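To find a chain, count down the sequence lines: A is the first, B the second, and so on, and within it residues start at 1. Quick caveat: nothing in here was measured; it's all calculated off a predicted structure. The analysis underlying the following values was restricted to heavy atoms, covering all of them including side chains, and did not include hydrogens, waters or symmetry mates.
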Amino acid sequence: MPESNEEKSNFILAIINKDLDEGKNQGRIHTRFPPEPSGYIHIGHAKAILLNYSIARDYKGKFNLRFDDTNPIKEEQEFVDSIIRDIQWLGAEWEDRLFFTSDYFDTKYEFACRLIKAGRAYVCDLSPDEIRAYRGTLTEPGIDSPYRNRSVEDNLDLFSRMKNGEFLDGSKVLRAKIDMASGNLNMRDPVIYRVLHAHHHRTGDKWCIYPMYDFDHPFSDAIEGITHSLCSLEFTDNRPLYDWIVDNALELFPEAVKGRPRQYEFARLNITNTVMSKRKLRRLVEEGFVQGWDDPRMPTIAGLRRRGVTPEAVADFCDRIGVARSTSTVDMALLEHCIREDLNTKAHRIMGVLEPLKVVITNWPEDRVEWLELDNLPGNEDAGRHLAPMAREIYIEEGDFLEDPPKKYHRLSPGKEVRLKGAYIIKCEEVIKDSTGKVVELRCTYDPNTKSGEDSSGKKVRGVIHWVSAEHGLRATVRIYETLFLNENPDDTEEGQDFTDNINPHSLEVLNCIVEPAVEKYDRQSRFQFIRKGYFYQDPKDSSKDNLVYNQIVGLRDSWGKKNK
RNA sequence: UGGGGUGUGGCCAAGCGGUAAGGCACGGGACUCUGACUCCCGGAUCCGCAGGUUCGAAUCCUGCCACCCCAGCCA
């Protein structure tokens with residue numbers, strides 16, 4: 001029984017509970033995550049990783065990380081490294097069970113030979129085009145290959161010569177002999193080994209034949225003793241083949257396998273206003289729509305991490321979206337909610353003015369500086385306080401002043417008062433504009449009797465705005481992000497267009513800001529809430545002590561802005 | 001005219017014959033030195049549609065409809 005998820009309920013947990021009740025697999029639970037090292041992993045993979053890992057954890061089972069590296073021409077060490085880093089960051093632990101499907105190439109070769117000896121696999125000389133033609137179509141059955149009935153001796157000989165490099169790429173394949181008339185195309189004598197003279201990132205030049213996924217994957221699961229092999233829906237049609245391979249392994253090569261794995265499929269994750277396929281993400285990177293796999297706008301784990309999202313928030317999100325079999329698209333708002341909820345209790349409050357408007361407090365003495373105490377985490381005494389300097393010249397948010405305010409506006413406007421967070425109440429006395437009519441400076445007066453915590457004025461103002469001393473504030477570049485795509489479904493395009501035509505031209509906005517000097521005391525991994533604005537994180541690549549760069553992780557909810565847009 | 005899969009409020013998602021959980025979003029209100037947070041309140045007479053079985057169905061049966069996946073020597 002699971003320890004920590006009594007309320008969780010999904011069809012996979014139901015299957016596991018049932019299997020346990022029935023005593024299957026001697027009560028073992030063993031899952032795995034099998035990435036192909038051919039790209040960066042994204043939040044959709046996080047769903048799969050965390051699902052597999054949490055099942056193992058909650059049921060006191062095991063979780064393997066196994067790279068499915070059967071196709072050397074697509075795979076690289078760089079991706080192995082990035083995937084390991086990303087999964088570690090997510091918190092999934094594979095302990096000492098990091099495997100590569102290529103670790104078992106020798107065993108797999110032996111298994112293939114046993115299939116041949118059992119008359120269940122044959123070497124086929126048909127060209128790729130011919131194989132396709134012989135396969136038939138969705139509505140018509142296929143035709144048997146003319147090589148289907150070669151003798152075991154010939155097949156064994158030919159297969160070993162394939163291994164020895166005697167044949168050109170594409171000239172011969174090993175096929176499972178199943179059923180060319182099956183309604184399921186995967187069962188029409190699937191190719192299980194192909195000739196490929198390519199350098200493998202782990203086995204080097206040892207092999208010039210490589211197994212296909214449908215042969216390799218189920219056998220690897222069986223070798224590792226995986227009990228529940230979870231994958232996404234598009235593999236549903238591969239399941240009969242998965243079972244065929246496992247059944248044969250159990251029958252012909254029992255000493256190589258540890259059990260009888262079962263495959264279960266669930267819907268992959270889609271999120272509104274973004275894309276999740278490796279191919280599309282690659283295009284965004286390669287065609288320069290983003291600045292790399294770790295661009296903070298990308299749904300990759302590397303992108304989320306660089307943006308400042310926490311692994312806890314990602315895990316919570318994956319927890320809340322559920323696991324089911326219906327194709328679905330989760331609202332980006334849920335991810336944002338999970339991020340805010342996580343950061344709300346952790347991120348220290350700092351004042352940062354994103355779009356500065358200068359304010360001169362005319363009755364504040366020229367060289368007076370007053371250090372005011374502000375809570376790091378209001379409502380949490382343990383988080384302590386920090387000091388913010390108040391001086392004659394400060395900056396407030398441009399958007400916190402309106403010359404001609406609408407009803408119910410309780411920020412600053414001519415003749416009106418507002419409280420500076422943690423400081424005094426000020427009153428706008430004069431508005432200074434440039435030649436174009438743009439407001440460039442405000443002249444205000446402050447009320448000395450209204451100091452935060454010691455207010456004896458009896459004044460009640462609704463508005464509280466953030467501010468930063470012009471002299472003491474630190475200059476910083478702030479990057480504000482919007483979704484990468486304008487449409488909820490990026491693939492929803494006009495005739496002749498593709499998803500890149502839906503890219504949001506405002507997905508990145510760069511602002512020159514000014515933040516409280518207190519941020520200097522924190523280490524650079526700290527996440528802050530810039531009061532009334534959002535959560536921010538120092539860009540791990542571009543930020544430095546002399547050149548602060550903050551990424552907005554997510555904005556705060558803004559019911560006022562929403563109401564008035 | 002093939003095979004596989006899915007349809008529960010705007011978006012996810014429980015439910016497995018006993019009379020529609022929860023979350024997000026949304027709307028209303030309270031609170032507030034963050035218009036944030038928090039806290040209340042609101043909503044499917046109905047579960048793709050149509051029949052049927054049953055005292056009783058989203059849950060069983062039948063027939064439709066819609067959408068998704070499959071014809072790589074990719075995974």
Inset, instruction - Indicate, with a heavy-atom threshold strictly under 4.0 Å, whether A/E488 touches base, sugar-phosphate, or nothing. - result: nothing
Inset, instruction - State whether A/Y122 and A/R175 meet the cation-pi test: NZ (Lys) or CZ (Arg) under 6.0 Å from the six-membered ring centroid, and within 45° of the perpendicular axis. - result: no
Legend entry - Whole-Å P distance, B/G9 and B/A58: 15 Å
Inset, instruction - Can you tell me the distance, in whole Å, between the NZ atom of A/K421 and the P atom of B/U34? - result: 5 Å
Legend entry - OP1 or OP2 of B/C12 under 4.0 Å from side-chain N/O of A/R320: no
Legend entry - Sugar-phosphate, base or nothing in reach of A/Y134, heavy atoms under 4.0 Å: nothing
Inset, instruction - Would you kindly check whether a donor in the side chain of A/R411 faces an acceptor in the base of B/G35, or vice versa, at under 3.5 angstrom? - result: yes
Legend entry - Interatomic distance, A/N376 CG vs B/U34 P [rounded to whole Å]: 16 Å
Inset, instruction - When you get a sec, tell me which of B/A14, B/A75, B/C33 is the closest nucleotide to the side chain of A/A324? - result: B/A14
Inset, instruction - May I ask you to say what A/R419 touches in the nucleic acid, namely base, sugar-phosphate or nothing, with a heavy-atom cut-off under 4.0 Å? - result: base
Legend entry - N/O donor-acceptor pair, side chain A/R349 with base B/U34, under 3.5 angstrom: yes
Inset, instruction - Taking syn as within 90° of 0 and anti otherwise, name the glycosidic form of B/G72. - result: syn
Legend entry - Short side-chain N/O contact to B/C67 OP1/OP2 from A/R325, under 4.0 Å: no
Inset, instruction - Tell me what A/V191 touches on the nucleic acid: a base, only sugar-phosphate, or nothing, going by heavy atoms under 4.0 Å. - result: sugar-phosphate
Legend entry - OP1 or OP2 of B/G5 under 4.0 Å from side-chain N/O of A/R268: no
Inset, instruction - Return no unless some side-chain N or O of A/K562 is found under 4.0 Å from OP1 or OP2 of B/C26. - result: yes
Inset, instruction - Choose from B/G35, B/G3, B/C70 the nucleotide whose nearest atom is closest to any side-chain atom of A/H410. - result: B/G35
Legend entry - A/A423 or A/S127, whichever maps to the more 5' nucleotide of RNA chain B: A/A423
Legend entry - For atom NZ of A/K563 and atom P of B/A25, their distance in whole Å: 16 Å
Inset, instruction - State which of B/C68, B/C26, B/C12 makes the closest approach to the side chain of A/T327. - result: B/C68
Inset, instruction - Between B/G27 and B/C68, how far apart are the C1' atoms? Round to whole Å, please. - result: 34 Å
Inset, instruction - Classify the nucleic acid contact of A/M212 as base, sugar-phosphate or nothing, counting any heavy atom under 4.0 Å across all strands shown. - result: sugar-phosphate
Legend entry - Residue among A/D216, A/D221, A/I223 satisfying side-chain contact (heavy atoms from CB on, under 4.5 Å) with A/F219: A/I223
Inset, instruction - To the nearest Å, give me how far apart CG (A/L233) and C1' (B/C67) are. - result: 13 Å
Inset, instruction - Assign A/L126 to base, sugar-phosphate, or nothing according to its heavy-atom contacts below 4.0 angstrom with the strands shown. - result: base
Legend entry - Same-atom distance (P) from B/A57 to B/G17, integer angstrom: 14 Å
Inset, instruction - Would you indicate what A/V461 reaches in the nucleic acid, counting non-hydrogen atoms under 4.0 angstrom: base, sugar-phosphate, or nothing? - result: nothing
Legend entry - Separation of the P atoms in B/C26 and B/C11, to the nearest angstrom: 15 Å
Legend entry - Nearest-angstrom distance, P atom, B/G28 to B/G52: 44 Å
Legend entry - Below 4.0 Å: OP1/OP2 of B/C11 and any side-chain N or O of A/T272: no
Inset, instruction - Hey, could you give me the OG1/CG distance between A/T300 and A/D86, rounded to the nearest 0.5 Å? - result: 7.5 Å
Inset, instruction - Look at the side-chain N and O atoms of A/H466 and state whether any lies under 4.0 Å from the OP1 or OP2 oxygen of B/U34. - result: no
Legend entry - Side chain A/D237 and base B/G3 donor-acceptor under 3.5 Å: yes
Inset, instruction - Indicate, with a heavy-atom threshold strictly under 4.0 Å, whether A/T137 touches base, sugar-phosphate, or nothing. - result: base
Inset, instruction - By nearest nucleotide on RNA chain B, pick out whichever of A/N238 and A/E140 is the more 5' one. - result: A/E140
Inset, instruction - Could you state the atom-to-atom distance from CD of A/E336 to P of B/A36 in whole Å? - result: 16 Å
Legend entry - B/C60 versus B/U53 - spacing of their C1' atoms, nearest Å: 8 Å
Inset, instruction - Decide if the gap between the ring center of A/Y104 and the ring center of A/F111 is smaller than 6.0 angstrom. - result: no
Legend entry - Per A/N344 side chain, nearest of listed nucleotides B/C73, B/C37, B/C12: B/C37
Inset, instruction - Ignoring hydrogens and angles, answer whether the base of B/C69 and the side-chain atoms of A/T236 contain a donor-acceptor pair closer than 3.5 Å. - result: no
Inset, instruction - Remember a base hit wins even if backbone is also touched, and classify A/K172 as base, sugar-phosphate or nothing at under 4.0 Å, heavy atoms. - result: nothing
Inset, instruction - For residues A/F79 and A/F67, establish whether the separation of their ring centroids is below 6.0 Å. - result: no
Legend entry - Options B/C24, B/A71, B/G15, nucleotide nearest the side-chain atoms of A/S9: B/G15
Legend entry - Whole-angstrom distance between B/G29 and B/C46, as gauged at atom C1': 29 Å
Legend entry - Euclidean distance, atom OH of residue A/Y242 to atom C1' of B/A75 [Å, nearest integer]: 14 Å
Inset, instruction - Kindly compute the distance separating CE (A/M332) from OG1 (A/T274), expressed to the nearest 0.5 Å. - result: 5.0 Å
Inset, instruction - Indicate, with a heavy-atom threshold strictly under 4.0 Å, whether A/R188 touches base, sugar-phosphate, or nothing. - result: nothing
Inset, instruction - Could you label the plane-to-plane angle of the A/Y213 and A/F235 rings as parallel, tilted or perpendicular, counting under 30° as parallel and over 60° as perpendicular? - result: tilted
Legend entry - Spacing between A/R340 atom CZ and B/C24 atom P, to the nearest angstrom: 12 Å
Legend entry - For A/A383 against A/N376, the heavy-atom pair lying closest together: O-OD1, 2.9 Å
Inset, instruction - Anything below 3.5 Å on both distances counts as a pair; with that, list the stems of at least three consecutive Watson-Crick or G-U pairs involving RNA chain B. - result: B:2-7 with B:65-70, B:10-12 with B:22-24, B:26-30 with B:38-42, B:48-52 with B:60-64
Inset, instruction - Search all heavy atoms of A/W371 against all heavy atoms of A/P389 and return the closest pair with its distance. - result: CZ3-CD, 3.6 Å
Legend entry - Distance, C1' atom - from B/A21 to B/A14, rounded to whole angstrom: 6 Å
Inset, instruction - Would you mind reading off the distance between A/N270 atom CG and B/C11 atom P, rounded to a whole angstrom? - result: 14 Å
